[in-house]
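All values reported here derive from a predicted model rather than from experimental measurement. As the structure lists them, so they are numbered: ligands from 1, and atoms in each ligand from 1.
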Amino acid sequence: KAKSSRSGHHVFVCSDDDHGDSRLRMMEDLRGALATDELVLHYQPKIELATGHVHGVEALVRWQHPSRGLLPPDAFLTLAEDVGLMRDLTRIVLGKALDQAAVWRAQGTPLTVAVNMSPSTLIESDLPARIAAMIQVRGLSAADLMLEITEEFLMEDRARARDILIRLRESGIRIAVDDFGTGYSSLAYLRDLPIDELKLDKSFVFPMADDARAAALVASIIALAHSLGVRMVAEGVEDAVAYAELTRYGCDEAQGFHMSRPLPAAALDAWLAARHAP
Ligand code: C2E
Ligand code: CA
Ligand code: CA
Ligand code: CA
């Protein structure tokens, strides 16, 4: 039977909810979601371990689906990539993240916002210029934005990746390598690419509390990053033990449920205010 979707398009809906059908419907829904502004960003604070201060947050996308509730990125990002919607989605995320950075600036509580970039969106040749324009119209500076890229992107085409990163960096935007350590990649890129920050993957941080060898490995990765002049950020800090160990090893910043889950901007403001209260 034919059914009207929110966007007004007719979509074919089978009576039994087989995989193909639900994927087709999700695709229609996602197209509509981009048009009707159903994407929301949550922000997770990055805590500077030496001081306890928060200078930046990571923006993480969610989809406020009209019938399914708040969907995590894992539920729709692969689909977005497969059906060619990632470019539009990323543009929307960047716009929202920068809007929020402008709000924080206006409030007198500036925070650098980090946005996740899939490899497919980074290879657009006009990306550096487009981002520079988005920053400029909001009266922000490049220091208000950070981009999180994956090792996968760095490995696909080294020369091209290098060119893109250099152009972004020339405009003052800082670059973080996400999920560091999971990519089976050569560490040589740290030597010749303009990387500001490594985000140590959760899988290294989780076993730290009860495995001395895992902790020693993390300590040496932090030392390696520092020897190359790169900041180290640990992800997936879920308990006080990991927090204390990472602080002891000189890790620069940490993110994790132990400090805060990703939160809507207003809730993050409340979290920050409570933290700074006497
Ligand atoms: P990621 O970039 O590695 O983001 C960190 C993920 O770990 C987030 O999941 C966050 O909620 C979760 N996390 C944070 N602290 C902890 C912790 O202490 N323990 C555990 N177990 N998890 C923690 P989320 O929000 O579901 O995002 C999943 C992935 O989706 C992200 O992984 C990122 O790869 C992708 N993603 C999210 N937003 C965007 C976006 O706007 N664009 C793109 N291209 N990818 C995005
Ligand atoms: Ca990330
Ligand atoms: Ca990560
Ligand atoms: Ca990831």
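- Residue Val93 approaches ligand 1 through these ligand atoms, each under 4.0 Å from one of its heavy atoms: 41 (O).
- Within the 4.0 Å heavy-atom cutoff, Lys199 does not count among the residues contacting ligand 1.
- What you find for His226 and Gly250 is that their closest heavy atoms are CE1-O, 3.0 Å.
- In the vicinity of Pro73, heavy-atom distances shorter than 4.0 Å reach the ligand 1 atoms 24 (P), 25 (O), 26 (O), 27 (O), 28 (C), 30 (O), 37 (C).
- Coordination check, Glu235 versus the Ca ion (ligand 2): failed, since every N/O/S atom of the residue sits at 3.0 Å or beyond.
- Counting non-hydrogen atoms of other residues, nucleotides and ligands closer than 6.0 Å to CD of Glu124 gives a total above 12.
- Under a 4.0 angstrom heavy-atom cut-off, His42 registers as lying outside contact with ligand 1.
- The shortest heavy-atom contact between Asp179 and Asp201 is OD1-OD1, 3.4 Å.
- Listed by number with element, the atoms of ligand 1 under 4.0 angstrom from any heavy atom of Pro262 are 11 (O).
- Distances below 4.0 Å separate heavy atoms of Glu235 from the following atoms of ligand 1: 3 (O).
- The aromatic rings of His65 and Trp63 sit tilted, their planes meeting at an angle between 30° and 60°.
- If you check each of Leu77, Asp179, Val61, Thr78 against atom 46 (C) of ligand 1, the one with the closest non-hydrogen atom is Leu77.
- The closest approach between Lys202 and ligand 1 falls below 4.0 Å for a heavy atom of the residue.
- Between Arg138 and Asp99 there is a salt bridge, with a side-chain nitrogen of the basic residue lying less than 4.0 Å from a carboxylate oxygen of the acidic one.
- Checking only distances, Gln44 does come within under 3.5 Å of ligand 1, N or O to N or O.
- Those atoms of ligand 1 that come under 4.0 Å of a heavy atom in Val237, given as number and element, are 18 (O).
- Taking a cutoff of 4.0 Å between a charged side-chain nitrogen and a carboxylate oxygen, Glu197 and Arg174 do not qualify as a salt bridge.
- The name of the N, O or S atom in Glu58 nearest to the Ca ion (ligand 2) is OE2.
- With a 4.0 Å heavy-atom cut-off, ligand 1 is reached by no atom of Val115.
- Linking ILVMFWY residues whenever their side-chain heavy atoms come closer than 4.5 Å, directly or via other members, places Leu198 and Leu147 in the same cluster.
- The Ca ion (ligand 3) lies at the vertex of an angle of 90° between the OD1 atom of Asp178 and the OD1 atom of Asp179 (rounded to 10°).
- For the pair Glu245 and Arg248, the salt-bridge criterion is met [side-chain N within less than 4.0 Å of a carboxylate O].
- Close to ligand 1: Glu58, with a non-hydrogen atom less than 4.0 angstrom away.
- Between Asn116 and Leu60 the shortest side-chain heavy-atom distance falls below 4.5 Å.
- Results of the side chain to side chain contact (heavy atoms under 4.5 Å, CB included) test with Val54 over His276, Glu48, Lys46, Arg275 single out Arg275 as the only residue that passes.
- Counting heavy atoms under 4.0 Å from ligand 1, residue Arg62 touches it through the side chain alone.
- With respect to the Ca ion (ligand 2), Glu148 has OE1 as its nearest N, O or S atom.
- Residue Ser118 approaches ligand 1 through these ligand atoms, each under 4.0 Å from one of its heavy atoms: 44 (N).
- In Arg261, the CZ atom is not crowded: 12 or fewer heavy atoms of neighbouring residues, nucleotides or ligands sit closer than 6.0 Å.
- Counting only non-hydrogen atoms, the option in Phe206, Phe76, Phe257 that gets closest to atom 23 (C) of ligand 1 is Phe257.
- Looking at every heavy atom in both residues, Leu34 comes nearest to Leu39 through CD2-CD1, 3.5 Å.
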